[in-house]
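Here is the structure we will look at, set down as structure tokens.
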Amino acid sequence: MTTRQKRSYRRSMAVSAYDLTGRTAFVTGAASGIGRATAVLLAEAGATVHCADLDAAGLHETATLIKDAGGTAHTHPLDVTDRGQLHQAVTSCERLDVLAAVAGIMHSSPVLETRDEDLDRVLDVNFKGVLHACQEAARLMLDRGTRGSIVTMASGAVDTGGAGLLCYGASKAAVVQLTKTLATEVGRYGIRVNAVAPGWIRTPMTDRHDEDAQAHTEALMSRMSPLKRVGEPQDIAHAVLYLASDASSFTTGQILRPNGGVAMPW
Ligand SMILES: NC(=O)c1ccc[n+]([C@@H]2O[C@H](COP(=O)([O-])OP(=O)(O)OC[C@H]3O[C@@H](n4cnc5c(N)ncnc54)[C@H](O)[C@@H]3O)[C@@H](O)[C@H]2O)c1
């Protein structure tokens with residue numbers, strides 16, 4: 001083999017590690033922000049992508065982006081807190097190689113003003129919604145004997161805490177615990193389970209609906225990062241692609257932290 005042939009062989013090995021051709025992915029929260037960027041990138045990597053979200057119009061836009069780029073997308077308007085809807089959508093997939101459980105909501109209130117109904121709502125969406133998606137996906141992977149990858153969405157809030165973040169942070173800490181527990185239970189069947197814990201990412205969730213307030217918050221968040229910038233949905237989508245693909249085949253039970261270096265836990 002010539003040097004040029006060796007280089008081209010190595011490049012194709014590097015690319016094929018991230019190739020999802022022939023695989024099927026299910027992405028929740030796919031109508032917006034990180035979920036949309038993830039669905040589009042997984043499709044660009046070759047996966048058939050099932051996009052799920054409450055927001056049917058946003059789902060349609062995501063599917064159009066995928067199809068216009070030559071990919072394959074299916075849409076499932078659903079509420080992740082409804083176990084029956086999730087079951088129906090996931091089991092409609094002939095097989096499943098990747099779950100990206102991204103759907104989530106933000107809630108902010110001081111501990112002393114937090115009501116039980118706030119906590120219940122955030123846990124229902126951010127924790128139980130992820131739990132039920134993981135259960136449905138893992139069952140389908142086990143049934144079909146698929147060596148799949150499950151990626152959950154935690155948050156930098158699990159490392160840093162923060163005033164007002166009791167409900168949100170608790171829900172994401174629960175996602176981390178779910179991720180590690182499920183990873184230990186299904187690893188022997190070749191199913192990997194990892195979480196992504198993003199830092200501050202520019203999405204509708206972090207939109208302050210006011211130019212000055214947005215600029216102020218982004219400046220603050222940028223200063224906290226050694227990279228001196230906030231994140232973009234694409235930054236997180238690439239982390240999900242890594243965990244979804246064979247590039248991470250020896251990685252499970254881990255928390256990947258694309259947070260701009262804001263927190264650096266051991
Ligand atoms: N943006 C950030 O800075 C940031 C940081 C860390 C973690 N996250 C996490 O990333 C994930 C995506 O957040 P984003 O910033 O893209 O927000 P986003 O608001 O742009 O997207 C969230 C999506 O989840 C969907 N969703 C909400 N509740 C749902 C439900 N019950 N059923 C189905 N779909 C539902 C929404 O319709 C929306 O499309 C969330 O889990 C969030 O907690 C975001």
Side-chain angles (χ1 to χ4, degrees), residues 26-41 50-63 65 75-90 99-108 120-134 136 151-162 165 167-176 178-179 195-209 214 217-218 220-222 224-225 229-237 239-240 255-260 262-263:
F26 193 96
V27 181
T28 71
S32 172
I34 293 169
R36 169 175 288 172
T38 297
V40 169
L41 188 65
H50 289 256
C51 303
D53 202 291
L54 266 181
D55 172 4
L59 271 184
H60 178 71
E61 283 173 30
T62 303
L65 285 171
T75 55
H76 303 274
L78 57 77
D79 186 334
V80 295
T81 66
D82 186 324
R83 191 192 273 266
Q85 289 183 2
L86 262 178
H87 174 76
Q88 206 177 1
V90 172
L99 167 71
V102 181
I105 53 172
M106 169 53 79
H107 173 82
S108 180
D120 290 345
R121 175 71 191 146
V122 177
L123 288 176
D124 274 351
V125 178
N126 291 7
F127 176 55
K128 284 196 199 165
V130 174
L131 169 64
H132 296 156
C134 287
E136 294 298 336
V151 184
T152 61
M153 201 50 58
S155 162
V158 301
D159 295 319
T160 56
L165 289 183
C167 298
Y168 184 76
S171 71
K172 296 301 186 178
V175 166
V176 166
L178 160 66
T179 303
V196 178
W200 203 93
I201 310 300
R202 196 180 277 149
T203 70
M205 182 179 277
T206 51
D207 189 348
R208 297 288 176 265
H209 305 294
Q214 188 73 17
T217 308
E218 290 196 6
L220 200 71
M221 293 301 164
S222 300
M224 288 165 66
S225 159
R229 72 169 177 91
V230 298
E232 300 292 342
Q234 203 67 10
D235 292 316
I236 308 309
V240 177
I255 315 302
L256 183 56
R257 295 176 161 87
N259 61 16
V262 168

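All residue numbers in this chain count up from 1 along the given sequence. Counting starts at 1 for both ligands and their atoms, in listed order. Here the structure is a predicted model, which is why all the values come from computation and not from measurement. Note: hydrogens, waters and symmetry copies are ignored here, and every other heavy atom, side chains too, is used.
- With ligand atoms numbered from 1 in the order given, ligand 1 contributes 1 (N), 2 (C), 3 (O) to contacts under 4.0 Å with heavy atoms of Thr206.
- Of all protein heavy atoms, the one lying nearest to atom 10 (O) of ligand 1 is Met153 CG, 3.3 Å.
- Considering backbone and side-chain N/O of Lys172, one or more are found under 3.5 Å from N/O of ligand 1.
- Of all the heavy atoms of Val125, the ones lying under 4.0 Å from any atom of ligand 1 belong exclusively to the side chain.
- Using a 4.0 Å cut-off between heavy atoms, Ile201 contacts ligand 1 through both its backbone and its side chain.
- Side-chain contact between Val27 and Cys51: absent, with no pair of heavy atoms (C-beta onward) separated by less than 4.5 Å.
- Inter-residue side-chain proximity for Thr206 and Ile201 is flagged as unmet; no heavy-atom pair is nearer than 4.5 Å.
- Rounding to the nearest 0.5 angstrom, the gap separating the OG1 atom in Thr203 from the CD atom in Glu232 is 10.0 Å.
- Annotation for ligand 1: atoms under 4.0 Å from non-hydrogen atoms of Val102 are 11 (C), 12 (C), 40 (C), 41 (O).
- For Asp124, the closest heavy-atom approach to ligand 1 does not fall below 4.0 Å.
- Contacts of Arg202 with ligand 1, taken as heavy-atom pairs under 4.0 Å, are absent altogether.
- Glu136 is not listed as a side-chain neighbour of Phe26, based on a closest heavy-atom distance of 4.5 Å or more.
- Within the 4.5 Å cutoff, the side chain of Leu165 has heavy atoms near those of the Met106 side chain.
- Numbered from 1 in the order shown, with element, the atoms of ligand 1 that lie under 4.0 Å from a heavy atom of Gly33 read 16 (O), 20 (O).
- Residue Tyr168 places at least one N or O, backbone or side chain, under 3.5 Å from an N or O of ligand 1.
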* Going through the checks in order, is the salt bridge (Lys or Arg N to Asp or Glu O under 4.0 Å) test met by Arg36 and Glu61? -> CA-CA 9 Å; Arg36 169 175 288 172; Glu61 283 173 30; 3.2 Å; yes
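- Remark: among candidates Ala154, Gly156, Pro233, the nearest residue to atom 7 (C) of ligand 1 is Ala154, based on non-hydrogen atoms.
- Within the 4.0 Å heavy-atom criterion, both parts of Asp79, backbone and side chain, lie near ligand 1.
- Between Thr160 and Ala263, the shortest heavy-atom contact is CG2-CB, 3.9 Å.
- Of the heavy atoms in Ile105, only side-chain atoms (C-beta onward) come closer than 4.0 Å to ligand 1.
- For a threshold of 3.5 Å applied to N or O pairs, the pair formed by Asp53 and ligand 1 contains at least one separation below that value.
- With a heavy-atom cut-off of 4.0 Å, Ala52 does not touch ligand 1 at all.
- Note that the OG1 atom of Thr81 and the CZ atom of Arg121 stand 5.5 Å from one another [nearest 0.5 Å].
- Per-residue contacts place Pro204 under 4.0 angstrom from the following atoms of ligand 1 (heavy atoms of the residue considered): 20 (O).
- Between the NZ atom in Lys172 and the SG atom in Cys167 there is a gap of 13.0 Å [rounded to 0.5 Å].
- Close contacts of ligand 1 with Gly104, meaning ligand atoms under 4.0 Å from a residue heavy atom, involve 22 (C), 24 (O), 27 (C), 40 (C), 41 (O).
- Within the 4.5 Å cutoff, the side chain of Thr217 has heavy atoms near those of the Trp200 side chain.
- For the pair Ile34 and ligand 1, the shortest N or O to N or O distance falls below 3.5 Å.
- To the nearest 0.5 Å, the span separating OG on Ser32 from CG on Asp55 amounts to 7.5 Å.
- You'll find the side chain of Leu41 reaches within 4.5 Å of the side chain of Gln234, heavy atoms only.
- Atoms of ligand 1 lying under 4.0 Å from at least one heavy atom of Val80, given by number and element, are 30 (C), 31 (N), 32 (N), 33 (C).
- With atom 5 (C) of ligand 1 as the reference point, the heavy atom nearest to it among Ser171, Gly199, Ser32 is part of Gly199.
- Nearest residue to atom 15 (O) of ligand 1 from Val130, Val158, Thr203 is Thr203 (criterion: closest heavy atom).
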